[in-house]
Amino acid sequence: QVHLVESGGGLVQAGGSLRLSCAASGRSFIDHPMAWFRQASGKDREFVSAITWSGDTTYYADSLKGRFTISRDNTKNTLYLQMNSLKPEDTAAYFCAATVKHFFYEDRSYYAANEYDFWGQGTQVTVSS
């Protein structure tokens, strides 16, 4: 059974930082792209960030560049999202995702939720003002 389990969410004041983790089990994702998405209450799920299997290329939502950093530790089969300078509008449930593919031929595929095959159940991030 493939499981992706997010952790690290919580309540933080505006301007603070959190680091989310996504631990994978049941399958190695060392050579597969992974990503983070988020969904705020009453809104659609939106792309946050993605990373290639080697970690040499990363993708970010334009509004998050410079504040969020995605990384992975393939020796631990774990994905991370470092979130700095958090804002109330960052409040959402954050989900990690993985694909069975080794890479996407088109960059836009990294941004598309329907390109991913495995999902965690989410971790809640709440940013207070």
Side-chain angles (χ1 to χ4, degrees):
Q1 297 291 316
V2 175
H3 294 280
L4 301 177
V5 181
E6 303 95 336
S7 62
L11 176 64
V12 64
Q13 291 185 332
S17 299
L18 286 173
R19 188 176 78 155
L20 305 184
S21 299
C22 174
S25 62
R27 181 190 180 114
S28 174
F29 289 97
I30 291 175
D31 56 349
H32 301 272
M34 297 186 72
W36 290 96
F37 290 78
R38 68 184 184 184
Q39 186 167 19
S41 179
K43 297 183 179 180
D44 294 331
R45 186 168 297 187
E46 66 178 357
F47 172 78
V48 174
S49 185
I51 188 169
T52 57
W53 75 268
S54 65
D56 60 350
T57 305
T58 56
Y59 304 84
Y60 295 94
D62 288 341
S63 64
L64 303 179
K65 292 179 180 178
R67 294 196 299 120
F68 287 16
T69 303
I70 190 171
S71 62
R72 66 193 300 164
D73 185 342
N74 288 333
T75 66
K76 299 179 179 179
N77 210 20
T78 300
L79 179 74
Y80 302 98
L81 183 69
Q82 178 67 46
M83 305 185 294
N84 298 325
S85 301
L86 284 163
K87 304 175 181 179
E89 53 262 43
D90 295 318
T91 295
Y94 284 72
F95 301 85
C96 69
T99 175
V100 299
K101 296 179 179 178
H102 294 286
F103 64 93
F104 296 119
Y105 284 101
E106 299 180 351
D107 283 351
R108 65 180 181 178
S109 294
Y110 287 95
Y111 298 79
N114 62 9
E115 293 283 1
Y116 294 88
D117 304 292
F118 305 102
W119 292 83
Q121 295 197 74
T123 185
Q124 179 67 37
V125 172
T126 302
V127 184
S128 66
S129 59

Checklist entry - How long is the span from the OG atom in S41 to the CD atom in Q124, to the nearest 0.5 Å? => result 9.0 Å

Next on the checklist: Determine whether T123 and L20 satisfy the following criterion, side chain to side chain contact (heavy atoms under 4.5 Å, CB included), listing intermediate values before the conclusion.
Outcome noted: CA-CA 8 Å; T123 185; L20 305 184; 4.0 Å; yes

Item to check | Gap separating the CE atom of M83 from the CZ atom of F68, nearest 0.5 angstrom | outcome: 5.5 Å

Item to check | side chain to side chain contact (heavy atoms under 4.5 Å, CB included) between V125 and T91, intermediate numbers included | outcome: CA-CA 5 Å; V125 172; T91 295; 5.9 Å; no

Item to check | Shortest non-hydrogen separation from S71 to I51 and the atoms involved | outcome: CA-CD1, 3.8 Å

Checklist entry - Minimum heavy-atom separation for S17 to S85, with atom names? => result OG-N, 4.3 Å

Checklist entry - Should the pair Y116 and F37 be assigned to parallel (<30°), tilted (30 to 60°) or perpendicular (>60°) ring geometry? => result perpendicular

Item to check | Heavy-atom donor-acceptor pair, E6 side chain to C22 backbone, under 3.5 Å | outcome: no

Next on the checklist: With a sphere of 6.0 Å drawn around CG of D56, does it hold more than 12 non-hydrogen atoms of other residues, nucleotides or ligands?
Outcome noted: yes

Next on the checklist: Quick one: does any side-chain atom of D90 pair with a main-chain N or O of K87 as donor and acceptor, under 3.5 Å?
Outcome noted: yes

Checklist entry - P88 and A14: which non-hydrogen atoms are nearest, and at how many Å? => result CD-CB, 4.2 Å

Checklist entry - Any idea how Y110 and Y59 line up, ring-wise: parallel (<30°), tilted (30 to 60°), or perpendicular (>60°)? => result parallel

Checklist entry - Which value, rounded to the nearest 0.5 Å, describes the distance between I70 atom CD1 and L79 atom CG? => result 4.5 Å

Checklist entry - side chain to side chain contact (heavy atoms under 4.5 Å, CB included) between R38 and L64: does it pass, once the steps are laid out? => result CA-CA 12 Å; R38 68 184 184 184; L64 303 179; 4.0 Å; yes

Item to check | Donor-acceptor contact present, side-chain N74 to main-chain W53, <3.5 Å | outcome: yes

Item to check | Heavy-atom donor-acceptor pair, H32 side chain to V100 backbone, under 3.5 Å | outcome: yes

Next on the checklist: When you group the ILVMFWY residues by side-chain heavy-atom contacts below 4.5 Å and let the links chain together, are F118 and Y111 in the same group?
Outcome noted: no

Item to check | Test item: C96 and L4 side chains (from C-beta on) under 4.5 Å apart, heavy atoms | outcome: yes

Next on the checklist: For residues Y94 and V12: do they belong to one hydrophobic cluster (side chain heavy atoms under 4.5 Å, members Ile, Leu, Val, Met, Phe, Trp, Tyr)?
Outcome noted: yes

Checklist entry - Which value, rounded to the nearest 0.5 Å, describes the distance between R72 atom CZ and T78 atom OG1? => result 10.0 Å

Next on the checklist: Please tell me whether F95 and L86 are part of a single hydrophobic cluster in this structure, the criterion being side-chain heavy atoms less than 4.5 Å apart.
Outcome noted: no

Next on the checklist: I want to check something: taking the side chain as every heavy atom from C-beta on, are T69 and L81 in contact at a cut-off of under 4.5 Å?
Outcome noted: no

Item to check | Residue Q82 excluded, over 12 heavy atoms near CD under 6.0 Å | outcome: yes

Next on the checklist: Taking Y80's backbone N and O only, do any of them form a donor-acceptor pair with W36's side chain (distance below 3.5 Å, no angle check)?
Outcome noted: yes

Checklist entry - Would K101 and D117 pass as an ion pair if we require N to O under 4.0 Å? => result no

